[in-house]
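Below, each value reflects all heavy atoms present in this structure, side chains not excepted, and no hydrogens, waters or symmetry copies.
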Amino acid sequence: MEYYRGAKKEQLFQFSHSQRLSKNFGFGLDYKSIVSPAFYKREVTDSKAFDLYVIFETTDHRYSAFADFISNKTDNNINGGLVSDSSLKYASGIDVKTLPVQLDDAQWLTKQKEYVFKQQFNFKQTSHAVEKSASDTTLKAFEINTPAIFLHHDFKYSTYGELFTSSNDSAVWPVNYYDSLTTVDTSSTKELYNSVYFKTLLFDEKVSLKAGANNQHLNFKQRD
């Protein structure tokens with residue numbers, strides 16, 4: 001995630017940490033903040049990303065689980081362009097931050113949140129000794145490995161929303177109301193996903209077979 005708006009005044013702060021708390025538990029944390037301004041008045045992008053996850057696995061490796069929370073937020077200031085660019089044609093030494101812009105307080109906000117949970121149960125690859133028959137040239141035991149079979153469950157719930165606010169955008173762009181009483185310039189998406197399936201590995205893990213069921217629910221709203 002990078003922004004370069006031309007002003008060469010970008011500010012980046014990033015933090016990352018992961019740690020194993022015990023033989024069975026571990027966690028990680030990632031955070032990033034970017035502020036990127038541009039040349040003219042009210043041109044700046046402020047973005048923040050956050051990720052926290054936890055990992056668990058039993059000592060015998062039969063069961064494992066992964067939980068993750070992700071949050072992203074971006075605040076874009078929008079100026080709608082300069083009122084007039086004629087003053088820039090032959091200007092020198094002018095402070096472009098003082099030039100009047102079309103929109104004085106317009107903002108475009110986006111928010112995203114995601115909750116993830118995955119778990120797996122391993123039925124464990126087993127082996128047992130089998131003796132060759134007396135007709136074979138060598139009489140010794142060898143092992144036969146049965147294919148590993150896993151039961152998986154994946155869950156995800158995510159939300160995403162956008163909001164545009166401005167006190168005078170109607171003077172810049174044409175106004176088209178679907179409903180003048182309920183229009184708020186927003187859109188949002190909610191998604192719920194569940195998946196349960198069996199997975200097996202064959203031929204020294206060169207072939208993977210999966211069988212299961214998925215369920216997905218998606219809700220989308222838009223109010224322009």
Verify side chain to side chain contact (heavy atoms under 4.5 Å, CB included) between Tyr115 and Lys113, making sure each step is shown before the conclusion. CA-CA 7 Å; Tyr115 305 85; Lys113 290 185 178 181; 4.1 Å; yes
Mind checking whether [X] and [Y] have side chains closer than 4.5 Å, heavy atoms only?
X	Y	result
Ile34	Thr45	no
Leu151	Val196	yes
Phe155	Leu192	yes

Lys111, Lys190, Glu114, Gln112 screened by side-chain contact (heavy atoms from CB on, under 4.5 Å) with Tyr160, the one that passes: Gln112
So Phe121 and Phe123, would you call those rings parallel, tilted or perpendicular, with 30° and 60° as cut-offs? perpendicular
Between Tyr197 and His152, how do the two ring planes meet: parallel, tilted or perpendicular, split at 30° and 60°? parallel
Quick one: do [X] and [Y] end up in the same hydrophobic cluster if we chain Ile, Leu, Val, Met, Phe, Trp and Tyr together by side-chain heavy atoms under 4.5 Å apart?
X	Y	result
Phe220	Phe164	no
Phe27	Phe56	yes
Tyr157	Phe117	yes
Val54	Phe50	yes

Check the side chains of Ser22 and Asn24 for a donor-acceptor pair under 3.5 angstrom, ignoring hydrogens and angles. no
Nearest non-hydrogen partners of [X] and [Y], listed with the distance:
X	Y	value
His17	Asp30	N-OD1, 4.4 Å
Ser47	Thr74	OG-OG1, 3.3 Å
Leu29	Tyr53	N-CE2, 4.2 Å
Leu52	Gly28	CD1-O, 3.3 Å
Leu12	Lys32	CD1-CG, 3.8 Å
Phe25	Arg20	O-CG, 3.4 Å

Donor-acceptor contact below 3.5 Å, side chain Thr58 vs main chain Tyr63: yes
Does the pair Asp75/Lys73 count as a salt bridge with the N-to-O cut at 4.0 Å? no
Let me confirm one number: the [atom1]-[atom2] distance from [X] to [Y], rounded to the nearest 0.5 Å.
X	Y	atom1	atom2	value
Glu191	Thr159	CD	OG1	11.0 Å
Asn77	Asp46	CG	CG	8.5 Å
Ser33	Gln11	OG	CD	8.5 Å

Begin with the C-alpha distance, continue with both residues' side-chain angles, and end with the deciding distance and a verdict on side chain to side chain contact (heavy atoms under 4.5 Å, CB included) for His61 and Asn122. CA-CA 7 Å; His61 309 294; Asn122 182 5; 5.6 Å; no
